[in-house]
Amino acid sequence: MLQLQVIRQNPGFVKERLAIKNFKDIQLVDEIIGLDDQRKKLQNESDTIQSKINAASKEIGQLMAKGQKEEAEKKKQEVAELKSSLQPAADELNGTEKKLQDLLILLPNLPSDKVPPGKTPADNVVVREGGIKPQLPGDAVPHWELIKKYDIVDFETGAKITGSGFPLYKGKGAKLQRALVQHFLDFNTKAGYTEYLPPLMVNETSARGTGQLPDKEGQMYFMPADNYYMIPTSEVPLTNIYRDEIVKETDLPIKMTGFSPCFRREAGSFGADVRGLNRVHQFDKVEIVQIVQPDKSYTAHEEMVSHVEQLLQTLGLPYRILALCGGDMSFASALTYDFEVFSAAQQKWLEVSSVSNFETFQTNRMKIRFKDGKGKMQLAHSLNGSSLALPRIVACILENNQSTDGIKLPPVLHSYFGDVMIS
RNA sequence: GGUGAGGUGGAUGAGUGGCUGAAAUCAACGGUUUGCUAAACCGUCGUACGUCCUUAAAGAUGUACCGAGGGUUCGAAUCCCUCCCUCACCGCCA
């Protein structure tokens with residue numbers, strides 16, 4: 001959520017930035033300022049009345065103590081009158097505050113000035129590429145065929161147990177998941193991230209905190225009996241660890257990593273994109289999250305990008321890093337870099353990570369703050385990134401490393417996997 | 001699921017209707033002392049939203065907040081109701 005203070009101080013700037021994000025309801029900015037003006041006025045009114053009531057109540061107490069009953073009764077009448085005039089003012093104030101909040105939560109985060117202009121994924125900018133695209137033999141096949149050949153993921157049975165998009169990993173396929181997760185977590189903890197294993201369901205407050213609600217309501221699985229949401233990413237529980245906390249400045253940066261399955265309804269997506277492991281409803285992911293001082297968030301962001309890049313390099317996969325344009329960024333993000341790996345048999349770039357700086361957008365909702373050197377309360381900045389999402393990594397490893405002998409695994413996985421290839 | 005006890009400021013913890021935004025202790029911060037460290041002593045030490053003042057900072061002042069939401073009362077941390085959470089015991093169970 002944007003800070004009201006920022007909107008008030010520079011509404012023109014806010015509108016300009018929102019436009020870069022393709023945000024349509026720019027007039028909300030003026031509506032919000034209008035409502036806030038009204039809110040202030042109403043608060044002033046009701047505070048004044050309340051103040052009189054409080055003063056009169058105090059006097060009643062004193063009069064009673066002195067035994068001046070009639071005087072006290074008179075005062076009570078006064079208070080009764082004040083109260084009847086307070087009621088409508090208080091109601092109006094509450095209504096206005098609620099309306100203000102309702103509008104405020106509709107505004108997406110402002111893109112930072114580093115965000116490239118543009119409206120669609122075609123406008124994203126390739127920052128750099130790495131790794132080498134393999135030259136595959138003519139009979140190379142996409143991963144969904146390799147999966148069948150080596151019997152390592154069973155989509156049909158997954159669909160039988162649950163529904164489509166719930167893969168059943170089997171044998172070496174299951175073990176490869178475990179090996180990857182272990183490698184990713186080790187890599188992250190070595191870089192100073194504290195490991196967590198979070199709850200897989202969150203309450204509504206948590207989902208609002210990171211910005212999944214109200215924006216992505218339909219993308220999460222919901223458990224109505226208990227009002228819980230299945231997490232679409234461990235970013236949600238991890239960042240919410242610090243919700244409503246005032247942290248010590250010396251504790252920053254806070255660096256967290258966590259593994260979790262992720263659940264996404266992916267409502268509305270269909271077509272060639274969903275073949276094999278390209279898009280599924282449940283997948284495993286290791287996430288990194290940082291909470292940092294505002295003036296350090298962009299350095300931290302670069303550091304996280306470089307961290308994920310190095311992790312990707314340990315797998316030897318061809319990759320590229322994209323700076324997302326204003327129109328393609330997520331609701332809550334101020335700057336996002338996407339990582340894609342090149343899946344050679346499909347001849348396709350697949351997104352495997354997204355590293356974002358949210359500045360104060362999430363921390364304002366969650367009230368994650370710290371006291372700076374001058375003793376002033378400040379919102380921290382939050383960032384997160386995948387490191388990494390598994391299915392597409394697996395797809396890419398399978399396709400790019402296929403040979404007549406089997407799938408050659410990257411050396412870094414050998415000890416975790418207990419073998420050098422899948423055959 | 002049942003029964004019982006609880007949820008107070010960074011922490012511990014006092015507070016059963018007005019003098020309590022909240023004792024005390026610890027932690028933290030500033031200072032004095034000291035050859036250094038420690039100790040001792042003095043001081044500061046909640047958040048949010050308004051208003052006034054100010055270039056700003058600071059300051060003054062109002063309101064709200066003692067798990068959440070309602071209620072009783074002139075007045076609620078304190079009494080009542082509902083919900084949430086924590087702990088203990090029982091039941092069930094990986």
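Protein chains get the first letters and strands the later ones, always in sequence-line order, with residue 1 at the start of each. The structure presented is a predicted model; accordingly, all values stated were derived computationally and were not measured.
Out of B/A48, B/C85, B/G18, the shortest distance to the side chain of A/Met377 is found at B/A48. Side-chain atoms of A/Lys83 lie closest to B/G75 of the nucleotides B/G75, B/A48, B/U51. Comparing B/G50, B/C74, B/G46 by their nearest atom to the side chain of A/Lys40 picks out B/G50.
For the C1' atom pair drawn from B/U8 and B/C85, the interatomic distance equals 15 Å after rounding to whole Å. Between B/C66 and B/G7, the two C1' atoms lie 10 Å apart (nearest whole Å). One C1' atom belongs to B/U61, the other to B/C53, and the distance between them is 11 Å to the nearest Å. One P atom belongs to B/G71, the other to B/G75, and the distance between them is 12 Å to the nearest Å. Taking atom P in both B/A11 and B/G46, one finds a spacing of 14 Å when rounded to whole Å.
Between A/Tyr337 and A/His301, the distance separating the two ring centers is shorter than 6.0 angstrom.
For the strand RNA chain B, secondary-structure stems (runs of at least three Watson-Crick or G-U pairs, all distances below 3.5 Å) span B:1-7 with B:84-90, B:10-12 with B:24-26, B:28-32 with B:40-44, B:46-52 with B:59-65, B:67-71 with B:79-83.
Rounded to an integer number of Å, the gap from NZ of A/Lys41 to C1' of B/C49 is 17 Å. In this structure, A/Lys58 places its NZ atom 10 Å from C1' of B/U20, rounding to the nearest Å. Taking atom CE on A/Met64 and atom P on B/C19, their separation rounds to 15 Å, with Å as the unit. In this structure, A/Gln38 places its CD atom 14 Å from P of B/G50, rounding to the nearest Å.
When every heavy atom of A/Glu31 is checked against every heavy atom of A/Leu103, the shortest pair comes out as OE1-CD1, 3.7 Å. Of all non-hydrogen atoms in A/Lys119 and A/Asn22, the two that sit nearest each other are NZ-OD1, 2.9 Å. Here the shortest heavy-atom pairing between A/Lys21 and A/Ser330 reads NZ-O, 2.8 Å.
Side chain to side chain, A/Ser333 and A/Asn109 fail the donor-acceptor criterion of an N or O pair below 3.5 Å. Checking A/Gln362 against A/Ser382 by side-chain atom types alone, a donor-acceptor pair falls below 3.5 Å. Side-chain atoms of A/Ser206 and A/Asn203 form a donor-acceptor pair, as typed in the model, at a separation below 3.5 Å.
Stacking of A/Lys172 on the aromatic ring of A/Tyr150 is not recorded, the 6.0 Å distance cut-off and the 45° axial limit not both being met.
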| said: Is there a side-chain hydrogen bond (donor to acceptor under 3.5 Å, both in side chains) between A/Arg275 and A/Asn278? Walk through the geometry before answering. | reply: CA-CA 6 Å; A/Arg275 290 243 19 209; A/Asn278 286 356; over 6 Å; no
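Residue contacts shown for A/Lys371 are limited to sugar-phosphate atoms, with no base heavy atom under 4.0 Å away.
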| task | Could you run through nucleotides 55-65 of chain B and give me one letter per nucleotide, 5' to 3': B if any protein heavy atom sits under 4.0 Å from the base, S if only the sugar-phosphate is that close, - if neither? | result | -------BSS-
